[in-house]
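The structure that follows is given in the form of structure tokens.
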Amino acid sequence: MPTSPVFLDNKSAIAALFQQALATAFPALMASDFKIEVEKPKNPDHGHFAVNSALQLAKKLGKKPCEIADALVTALAPSDLLLGTPEIAGPGFINIRLSLSAETRVIKSVFENADNFGRTNQGNNQKVLVEFVSANPTGPLHVGHGRAAAIGDTLSRLLDWQGWDVSREFYYNDAGAQINNLALSVQARLREKAGVESAFPDGGYHGDYIREIADRYVEKFAHDKAGGELDAVRAFAVDYLRNEQDLDLKAFDVSFDRYYLESSLYSENLVDKTVAHLIANGKTYEQDGALWLKTTDYGDDKDRVMRKSDGSFTYFVPDVAYHVNKWQRGFARAIVELGADHHGSLARVRAGLQAMQIGIAAGYPDYVLHQMITVMRGGEEVKISKRAGDYVTLRDLIDEVGRDATRYFFIMRKSDSQLTFDIDLARSKSEENPVYYVQYAHARICSVLAQWQTQGGGDTSTLKAVDHSPLTSKYESDLMRALADFPETLKHAATELAPHIVAVYLADLAAKLHTYYNAERFLLDDEKLKLARLSLILATAQVLKNGLTVLGVSAPEKM
RNA sequence: GCGCUCGUAGCUCAUUUGGAUAGAGUAUCGGCCUCCGAAGCCGAGGGUGGUGGGUUCGAAUCCCGCCGAGCGCACCA
């Protein structure tokens, strides 16, 4: 597990400074443990940072906000962080400007930490399990799975960067009725090929891939052209599709530490044990020949059947058993990335876990839901239906749009907003994908540095220890503060389980770089200024690269 | 009918968890390459944040009602 010194950002440093001033100015307040918050004003006229504590404390202290702000500023210890004296503005905000030396500090920190800049030890190496994709092996992965894969993988990377010990897991529902459907569908195609009269099963899968599987089956099992051996057909179809899915995921640069088979819950008796435990806890009752779980004791709106009158279990029982198993494997924290159409099951799985009474925390597991994707083709919405065989596969997307653009597209929006994927646009105008904007910023910097080297500049590592005092322009100040925001941004994204925050940040950082590039020149005659600027953009390239790495996107030197 | 998620510029979406004048991209219009990559930059127009209340110094953000959208509401998975 890579570690790095935590970069004490300017924001925290300022918060500490004001916390001390608060203690000096209002000693009596210490008992109530008020915490100073430092924020970044949207309006540049309001300085680099702002403190609004005076407004929040007005009522508590029975004083006017302006008086409190004044007392705080007066009590501030001298610091080389600050440029001049903070201003008191509006109803009682304190606006702060950073000194040049405080702003340039981040460049050194970027070089010291390099590929680890932005990492923290917050997770303290605790185990966390991230479950995602978990597609049934009944068809190829489609765009929805792509979104799940991109989000789940990025969440995993984010948590890794926060110092968690992350395990990625894929849960295969290989024991249910859908697998049977798959087998029957393949069998129907086999019979068709063999000229045996038979009807296609109700609810069967109509996609072309079913015929493909049938063709492959006959190649391997020439003696069973009509698919009479259903078990063999089933096993073959599942193996075939699992392999296909693995290839899709590999092309997407997503890998898992473990594939957990639903069937193993049965073969290891975990479902029976879970049910027995719930019965023993008195959380169940018999009614109408079925066994019910009192999920209403834990906030569900009605009780749920666990064991049907025909003796089989409903789907959520193995889900509960699976999560008990996660807990018992030592994952005190678990995150499940799911399509929003599954949200109905969250309450009952959590209720089941609570009813176990084995110390599982009430919110276990965390869920991250992503909304469905509307796919447009030819100006019309494509209704995704695996059963009808109408959908767009993840592989198609990767082949035609590219891995980087596909990943970025799925990540850049908040996961619980619905998004529209226009296939034609993605195919014909893939260069408009915002990921290129970010990658271009990186490539641009590399290009400038390469030219500096051909002019005899030497190794870029010499740029890491130059004097940064010439960096006095507004563009440089904006860029340096953006770099300094990176660690906090990652932390925020990890806390919120919201990968899109990283994408939004990178777009902003790239914009600042492009603006700077167009406003100033780097390869100048003024040696000191040249080196300082090159050093700044070298640090920027490092941060762009680190951010793209967290998203699983490459940072090319040329495009 | 009940539940979950949501409603921000023509379109696609942000808004750092309650802060000051709500921002990007795209589309439209107008500028910028004899000069480090124009996959870029600069500027203009475009908004009663679905709507009506409430909470407070302060609300797109929190609470309630209504309107609208998506999804889920089987002894299916």
Side-chain angles (χ1 to χ4, degrees), chain A residues 11 37 39-43 45-46 50 52 54-56 58-59 64-65 89-93 95 136 138 173 175-179 181 203 262 287-292 300-302 304-316 318-319 339-347 369 371-372 374 412-414 416-420 422 425 431-441 443-452 455 485 488-489 491-493 495-496 498 500-501 503-505 507-508 510-511 513-524 530 533-534 537 558-559:
Chain A
K11 199 172 181 179
E37 298 285 350
E39 54 192 22
K40 282 181 290 172
K42 292 174 200 158
N43 187 334
D45 292 341
H46 297 147
N52 61 15
L55 291 159
Q56 295 169 333
K59 191 166 274 181
K64 286 181 185 165
F93 293 100
N95 295 336
N136 292 344
T138 54
N173 292 95
Q178 294 186 24
I179 297 297
N181 250 337
E262 182 187 6
Q287 186 182 309
D288 305 330
L291 182 70
W292 296 69
D300 203 356
D301 53 357
K302 60 181 187 183
R304 305 292 170 174
V305 170
M306 293 173 65
R307 193 175 57 219
K308 297 181 262 186
S309 47
D310 69 4
S312 62
F313 294 114
T314 56
Y315 76 95
F316 93 97
D319 263 9
D341 53 340
H342 290 86
H343 74 253
S345 71
L346 314 191
L369 302 180
Q371 284 291 340
M372 301 294 92
T374 306
M412 81 189 163
R413 267 67 200 264
K414 209 166 38 181
D416 60 8
S417 66
Q418 291 164 239
L419 66 81
T420 304
D422 189 321
L425 187 69
E431 73 274 10
E432 286 182 15
N433 190 300
V435 74
Y436 298 111
Y437 184 81
V438 179
Q439 290 179 320
Y440 182 45
R444 239 182 177 174
I445 294 170
C446 293
S447 171
V448 173
L449 292 171
Q451 285 184 49
W452 173 68
Q455 292 173 11
D485 284 342
E488 189 193 341
T489 301
K491 189 174 152 190
H492 184 224
T495 306
E496 297 297 314
H500 81 280
I501 290 174
V504 170
Y505 167 85
D508 180 67
L513 185 277
H514 288 308
T515 297
Y516 182 36
Y517 179 93
N518 277 275
E520 308 280 8
R521 294 191 59 79
F522 305 105
L523 301 174
L524 304 155
K530 174 172 77 181
R533 287 183 172 173
L534 291 174
I537 62 172
K558 284 181 186 169
M559 303 172 57

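Predicted, not measured: the structure shown is a model, and the values here were computed from it. As a basis for the values below, the full set of heavy atoms in this structure was taken, side chains included, without hydrogen atoms, waters or symmetry mates. Residue numbers start from 1 in every chain, and the chains themselves are labelled A, B, ... in the order their sequence lines are given, proteins ahead of strands.
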- Item | Nearest-neighbour nucleotide for the H500(A) side chain, A20(B), U15(B), U12(B) considered | U15(B)
- Task: Mind checking H343(A) for me? I need base, sugar-phosphate or nothing, with any heavy atom below 4.0 Å counting as a touch.
- Result: base
- Item | Sugar-phosphate only, base, or nothing, as touched by N95(A) at under 4.0 Å among non-hydrogen atoms | base
- G289(A) backbone acceptor or donor facing S309(A) side chain under 3.5 Å: no
- Sorted by position of nearest nucleotide on RNA chain B, 5' first, the leading residue of S309(A) and E39(A) is E39(A)
- Please measure how far the P atom in A59(B) lies from the corresponding atom in U51(B), and state the result in whole Å. 16 Å
- Spacing of the C1' atoms in G18(B) and G58(B) (rounded, Å): 8 Å
- Note on the structure: Stems with RNA chain B, 3 or more Watson-Crick or G-U pairs in a row (under 3.5 Å), are B:1-7 with B:67-73, B:10-13 with B:23-26, B:28-32 with B:40-44, B:50-54 with B:62-66
- Task: Decide yes or no for D485(A) and D508(A): does some side-chain heavy atom of the first lie under 4.5 Å from some side-chain heavy atom of the second?
- Result: no
- Locate the shortest heavy-atom distance separating L369(A) from A340(A); write the atom from each residue and the value. CB-CA, 4.3 Å
- Going by ring centres under 5.5 Å and near-parallel planes (under 30°), is F93(A) stacked on A20(B)? yes
- Item | Gap in Å between the two P atoms, one belonging to C29(B) and one to C35(B), rounded | 28 Å
- Item | No-H, no-angle donor-acceptor pair, T314(A) side chain to C75(B) base, under 3.5 Å | no
- Would you mind reading off the distance between K42(A) atom NZ and U21(B) atom C1', rounded to a whole angstrom? 10 Å
- Message: Can you confirm whether K308(A) is buried at NZ, in the sense that more than 12 heavy atoms of other residues, nucleotides or ligands lie under 6.0 Å from that atom?
- Response: yes
- Whole angstrom value for the distance that separates P of A24(B) from CD1 of I501(A): 19 Å
- Task: Evaluate the side-chain proximity of T138(A) to N181(A): yes if any heavy-atom separation is below 4.5 Å, no if none is.
- Result: no
- Task: Kindly give the heavy-atom pair with the smallest separation between H514(A) and R444(A), and that separation in Å.
- Result: ND1-NH1, 2.9 Å
- Query: What distance, rounded to whole Å, do you find between the two P atoms, one in A20(B) and one in U61(B)?
  - Reply: 13 Å
- Message: Using a 4.0 Å heavy-atom cut-off, does A443(A) contact any base of the nucleic acid, only the sugar-phosphate backbone, or nothing at all?
- Response: base
- Message: Just to be sure I understand the rule, does A58(A) reach a base, reach only the sugar-phosphate, or reach nothing, if contact means heavy atoms closer than 4.0 Å?
- Response: nothing
- Message: Can a donor-acceptor pair be found, under 3.5 Å and without considering hydrogens, that links the side chain of D288(A) to the backbone of A290(A)?
- Response: no
- Query: How close or far is atom P of G37(B) from atom CD of Q439(A), stated in whole angstroms?
  - Reply: 18 Å
- Is the shortest side-chain N/O distance from K308(A) to OP1 or OP2 of A77(B) below 4.0 Å? yes
- Query: Is there a donor-acceptor contact under 3.5 Å from the side chain of T495(A) to the main chain of K491(A)?
  - Reply: yes
- Query: Does a side-chain heavy-atom distance below 4.5 Å link Y315(A) with S345(A)?
  - Reply: yes
- Stacking check H46(A) vs A20(B) (5.5 Å / 30 deg): yes
- Interatomic distance at P, G45(B) relative to G23(B), whole Å: 13 Å
- Selection from A77(B), U12(B), A14(B) that lies nearest to any side-chain heavy atom of V504(A): A14(B)
- Query: How long is the line joining CG of L513(A) and P of G37(B), in whole Å?
  - Reply: 13 Å
- Message: Categorize E488(A) for me: base, sugar-phosphate, or nothing, with a 4.0 angstrom heavy-atom threshold over every strand shown.
- Response: nothing
- Query: Are OP1 or OP2 of G37(B) and a side-chain N or O of K558(A) less than 4.0 angstrom apart?
  - Reply: no
- D45(A), nearest nucleotide to its side chain (from G19(B), U21(B), C75(B)): U21(B)
- Message: Between C42(B) and G68(B), how far apart are the two C1' atoms, rounded to whole Å?
- Response: 40 Å
- Query: Looking at the angle O4'-C1'-N9-C4 for a purine or O4'-C1'-N1-C2 for a pyrimidine, is C71(B) syn or anti, with syn meaning within 90° of 0?
  - Reply: anti
- F93(A) and H46(A), any side-chain heavy atoms less than 4.5 Å apart: no
- Between C71(B), C41(B), A14(B), spot the one nearest the side chain of T515(A), thanks. C41(B)
- Sidechain-backbone polar pair: W452(A) side chain, L534(A) backbone, donor-acceptor under 3.5 Å: no
- F522(A) and K530(A) have their tightest heavy-atom pair at O-CG, 3.3 Å
- Sugar-phosphate, base or nothing in reach of N52(A), heavy atoms under 4.0 Å: base
- Task: Can you tell me, in whole Å, how much space there is between the P of C62(B) and that of A39(B)?
- Result: 42 Å
- Sugar-phosphate, base or nothing in reach of K59(A), heavy atoms under 4.0 Å: sugar-phosphate
- Message: Just the rounded figure in Å: distance from P of U15(B) to OH of Y505(A).
- Response: 16 Å
- Query: Could you state the CG-P distance from L55(A) to A20(B), rounded to the nearest angstrom?
  - Reply: 12 Å
- Rounded to the nearest Å, what distance is computed from the CZ atom of residue F313(A) to the C1' atom of nucleotide A74(B)? 18 Å
- Query: Taking atom P in both C4(B) and A9(B), what distance in whole Å separates the two?
  - Reply: 26 Å
- Message: Counting the atoms with a prime plus P, OP1 and OP2 as sugar-phosphate, which does D288(A) contact under 4.0 Å by heavy atoms, base, sugar-phosphate, or nothing?
- Response: base
- Heavy-atom check, side chain of Q451(A) versus side chain of L523(A), under 4.5 Å: yes
- Whole-Å gap separating P (C6(B)) and CG (L369(A)): 10 Å
- Would you give a per-nucleotide map of nucleotides 30-36 of chain B, 5' to 3', where B means the base has a protein non-hydrogen atom under 4.0 Å away, S means only the sugar-phosphate does, and - means neither? -----BB
